[in-house]
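Written out below as structure tokens is the structure these notes cover.
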Amino acid sequence: MKKVYFDSRKCLGCHSCEFACAVEHSESKEAAKALLEEDRPLPRRRVRPVEGACLTIGCRHCDPAPCVEACMAGAMTKDADTGEVICDTDKCVGCWMCVMVCPFGAVRPGEVFTIKCDMCADREAGPVCVEACPTGALFEATADEFAQRRKAREAAKQAELKT
Amino acid sequence: MKVVIIGNHAAGLSAAETLRKLDSACQITVISNEKVPPYSRCLIPYLVSGEKTVEDILFKPVSFYEDNRIDAMLGCEVVRVLPKEKQVLLDSGERVAYEALIVAAGGTCSMPNIPGIEKQGVFGFRTLADAERIAEYCDGVDTAVVLGGGLVGLKAAVALNERGKQVTVAVGSPNVLSQIVAEPEAQVFEEHLTRLGIEIFTRTNPAKVLGDEKVSGIETTEGRKIEAQLVIVGKGVRANTQLVKGTDIQAEHGILIDEHSRTSVPDVYAAGDVTQSPDTVRGETWTNALWPHAIEEGRVAAENVMGRDTVLGGRTSMNSLVLGGLSLITSGLTGAREKLEGAEEITRKGPGKTDCKRFIFQGNRLVGFALVGKVDNAGVLGSLVKKRVDVAQAKERIVAGEYDFASMFPVIRDNREKFKEPEYQEVFGFF
Ligand SMILES: Cc1cc2nc3c(=O)[nH]c(=O)nc-3n(C[C@H](O)[C@H](O)[C@H](O)COP(=O)(O)OP(=O)(O)OC[C@H]3O[C@@H](n4cnc5c(N)ncnc54)[C@H](O)[C@@H]3O)c2cc1C
């Protein structure tokens with residue numbers, strides 16, 4: 001399964017991911033119109049400052065997923081093949097059990113249903129946040145690819161320290 | 001391997017599903033006295049309010065047993081567990097043998113022992129059958145009394161209110177929800193419920209149920225009479241420990257389990273509301289009768305049956321409640337009677353009229369919180385509570401309401417030995 005990962009060193013804190021996410025999950029899917037919609041579209045990902053840098057956090061599609069175990073409506077499930085954690089809004093009753101247990105604050109109470117990253121299921125090109133990121137701070141990868149990148153980054157950091 | 005599971009609800013089905021996921025060959029038998037599709041007990045209020053049907057409140061598909069090749073013995077009562085023979089005894093006299101047993105028998109409504117409690121129109125509020133009987137009885141009923149102001153009682157009250165009944169709640173304690181909140185939050189809820197048209201009497205205990213064959217009201221211990229054509233009892237739940245009485249399986253308020261969901265007898269596990277399990281904030285075992293705990297204990301029991309060495313995560317009391325649009329999330333030691341040595345409580349009200357937050361610190365640890373109104377990011381705080389994290393550097397931010405993941409990230413990173421889950425590593429790795 002591919003997940004969206006984040007490299008803080010490349011993040012400018014521009015909020016493009018957040019904005020694109022909100023628009024993608026709006027009624028119209030168009031920036032100019034989305035802002036005027038009655039139910040203001042909410043981003044599934046948020047950018048926040050941490051110690052002079054930035055952190056953008058969305059659903060980690062955990063395994064096992066606390067929100068899936070907490071969902072008493074059977075709305076939150078983990079796809080056996082893709083590993084994605086998906087909320088079925090037809091089943092969701094808005095009890096916020098998932099909000100209570102999400103360690104990342106990435107599952108949020110909406111007006112009626114839970115709001116969370118759906119990996120842009122309707123979008124052929126994949127998660128819009130990755131595409132919107134101008135610096136490549138957000139990237140899609142499998143767990144193995146991520147581990148490799150992490151190793152490479154660690155090595156680069158070490159090399160930097162030496163010079 | 002032949003595994004028998006007693007109970008077909010949250011804990012039992014979580015165990016069954018996990019077993020099948022790990023082993024396609026094992027033989028799984030689920031025995032339950034409830035002959036029902038996999039409905040969610042927590043959603044029965046929606047059947048009473050009339051908002052949903054049984055089909056809407058299934059938390060697993062009807063084909064769950066078939067899909068997972070489970071031998072479902074529904075409508076069968078287990079009378080006793082016989083650990084020496086490695087069998088369970090059914091009310092029919094039949095015995096079912098097991099190699100591993102998972103007791104997930106849950107709890108039963110406690111009914112007060114008062115005259116008239118057996119009258120027609122008095123109901124517990126736990127099962128699909130309860131909800132269906134209440135929904136049927138509701139027609140032609142105008143007034144209702146709910147006994148108990150806990151989570152279940154108040155959910156019943158709101159459901160009846162939504163169905164257009166005139167509802168009175170009789171609460172024994174000085175405030176509603178006293179097990180999970182203190183006065184500031186309770187008051188917000190009492191005002192909110194009153195605004196919905198629900199009448200609340202606190203410090204009010206029933207002495208008897210009035211009426212002939214059918215209930216016509218209740219009389220309180222102080223002699224006050226409250227008219228009601230329907231009574232719902234929400235006076236707590238008792239763990240179904242009678243199944244293991246007289247065996248070596250140890251039980252107090254619930255069947256005692258360790259962090260592997262094991263009981264005191266080899267090859268016998270227990271999970272869910274029937275248990276008394278480790279509470280990492282309290283530092284002792286506790287009966288936290290909660291859906292997420294039931295699911296986790298069921299999964300952990302199953303994983304250990306299958307020879308994996310899995311343990312329960314950090315855990316404590318927690319609740320999420322939405323009543324007539326008003327939200328509450330609590331975690332840790334937040335009850336009105338929970339007075340901790342050296343604890344410091346900080347309450348913050350606003351900005352909205354119903355917004356209210358209370359934080360309980362003990363030394364440098366956050367040991368509980370209650371959020372009314374805005375509940376965003378409650379899980380971030382919850383992880384700090386159950387992992388017993390030193391939050392000295394973040395106390396001010398927490399109290400100021402800044403506890404989103406990024407705001408708490410420095411604390412989490414500085415305590416990374418407590419945040420071992422791979423998902424945290426993903427964030428640490430590139431920060
Ligand atoms: C109205 C309501 C609202 C709730 N809301 C919430 C909520 O918001 N959040 C939350 O965390 N929790 C909530 N709960 C609690 C939650 O439902 C329980 O924690 C959960 O159901 C526990 O699951 P369990 O499988 O351990 O036990 P149970 O659900 O009690 O299931 C036990 C099963 O075992 C069967 N059984 C028992 N004895 C025997 C026997 N002798 N022989 C055969 N079978 C037997 C029973 O019939 C039952 O099917 C709510 C409960 C109610 C009633």
Side-chain angles (χ1 to χ4, degrees), chain A residues 3-11 46-51 53-57 59-75 77 80 90-91 93-109 115 137 139 141 143 146-147 149-151 153-154, chain B residues 10 14 21 38 40-43 46 51-52 56-61 290-296 298-299 313 318-322 325 327-331 374-383 387 403-410 412-413 419 421-427 429-431:
Chain A
K3 295 214 284 193
V4 176
Y5 294 96
F6 169 65
D7 183 346
S8 73
R9 285 208 308 184
K10 292 188 176 168
C11 178
R46 286 182 285 185
V47 182
R48 289 280 182 279
V50 180
E51 298 174 339
C54 268
L55 182 65
T56 161
I57 195 94
C59 174
R60 299 310 311 145
H61 301 275
C62 304
D63 187 20
C67 59
V68 172
E69 298 209 332
C71 180
M72 58 192 210
T77 53
D90 284 340
K91 296 217 85 169
V93 295
C95 70
W96 315 145
M97 293 287 285
C98 50
V99 175
M100 172 177 77
V101 298
C102 175
F104 299 105
V107 175
R108 307 175 61 192
I115 289 190
F139 57 96
F146 171 70
R149 254 180 102 142
R150 193 172 157 182
K151 233 190 245 160
R153 190 190 143 162
E154 216 39 57
Chain B
S14 165
K21 214 191 289 175
S40 173
R41 182 174 316 297
C42 311
L43 303 194
Y46 294 106
E51 275 169 88
K52 290 190 189 289
D56 298 331
I57 67 162
L58 300 183
F59 76 103
K60 297 284 177 207
L290 297 166
W291 178 277
H293 288 354
I295 300 283
E296 188 195 19
R299 169 175 58 78
M318 54 181 178
N319 278 287
S320 176
L321 176 71
V322 183
S327 304
L328 166 75
I329 291 186
T330 67
S331 175
K374 296 212 165 32
V375 296
D376 217 357
N377 294 310
V380 180
L381 276 186
S383 67
K387 288 175 185 281
Y403 43 75
D404 58 287
F405 183 76
S407 299
M408 293 299 107
F409 184 72
I412 291 170
R413 182 199 49 206
F419 295 87
E421 291 87 341
E423 291 78 17
Y424 287 107
Q425 307 313 315
E426 294 167 7
V427 183
F430 266 88
F431 200 80

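Throughout, a chain's letter reflects where its sequence line sits, starting with A, and its residues are numbered from 1.
- Residue A:Cys67: no heavy atom, backbone or side chain, is found under 4.5 Å from chain B.
- For B:Arg41, no part sits under 4.5 Å from any heavy atom of chain A, backbone or side chain.
- Interface check for chain B: of the options A:Gly94, A:Cys71, A:Cys98, A:Ala75, the most heavy-atom pairs under 4.5 Å are formed by A:Cys71.
- B:Gln425 touches chain A through backbone and side chain together, each having a heavy atom under 4.5 Å away.
- Interface remark: A:Lys10 contributes no atoms to any contact with chain B (heavy atom separation under 4.5 Å).
- Put simply, OG on A:Ser8 and CZ on B:Phe409 are 8.0 Å apart, with the number rounded to the nearest 0.5 Å.
- Between chain B and the options A:Glu154, A:Lys3, A:His61, heavy-atom pairs under 4.5 Å are most frequent for A:Lys3.
- Of the listed residues (B:Trp291, B:Phe405, B:Tyr403), the greatest number of heavy-atom pairs within a distance under 4.5 Å of chain A belongs to B:Trp291.
- By the 4.5 Å heavy-atom criterion applied to side chains, A:Glu51 and B:Pro410 are counted as neighbours.
- For chain A, the nearby parts of B:Asp376 are the backbone and the side chain; heavy atoms of each come within less than 4.5 Å.
- Contacts between B:Lys52 and chain A at a heavy-atom distance below 4.5 Å involve the side chain alone, from C-beta outward.
- Within the 4.5 Å cutoff, side-chain heavy atoms of A:Trp96 are placed close to those of B:Val322.
- Note on B:Pro38, B:Ala406, B:Ala378: by heavy-atom pairs under 4.5 Å with chain A, the leading option is B:Ala406.
- Nearest approach of B:Val380 to A:Gly105, heavy atoms of both residues: CG2-N, 3.5 Å.
- Residues A:Phe146 and B:Glu426 share a closest heavy-atom pair of CZ-O, 3.6 Å.
- Smallest separation of non-hydrogen atoms from B:Tyr424 and A:Pro103: OH-CB, 3.1 Å.
- The residue among A:Ala80, A:Ala147, A:Cys102, A:Cys11 with the most heavy atom pairs within less than 4.5 Å of chain B is A:Cys102.
- Contact of A:Pro64 with chain B is made through the side chain alone, with heavy-atom distances under 4.5 Å.
- For the residue pair A:Ile57 and B:Val427, the shortest heavy atom distance occurs at CD1-CG2, 4.0 Å.
- Counting heavy atoms from C-beta on, the side chains of B:Leu58 and A:Lys91 come closer than 4.5 Å.
- Looking at B:Ser320, its side chain does come within 3.5 Å of a backbone N or O of A:Cys95 through a donor-acceptor pair.
- Between A:Pro109 and B:Val375 the shortest heavy-atom distance is CG-CG2, 4.1 Å.
- With contacts defined as side-chain heavy-atom distances shorter than 4.5 Å, the pair A:Met72/B:Phe59 does not qualify.
- With a 4.5 angstrom heavy-atom cutoff, A:Arg46 touches chain B only via side-chain atoms.
- Contact of the A:Met100 side chain with the B:Pro292 side chain is registered, since non-hydrogen atoms from C-beta on lie closer than 4.5 Å.
- Under the 4.5 Å side-chain criterion, counting only non-hydrogen atoms from C-beta, B:Glu423 is in contact with A:Phe104.
- To the nearest 0.5 Å, atom OG1 of residue A:Thr77 and atom NZ of residue B:Lys60 are 8.5 Å apart.
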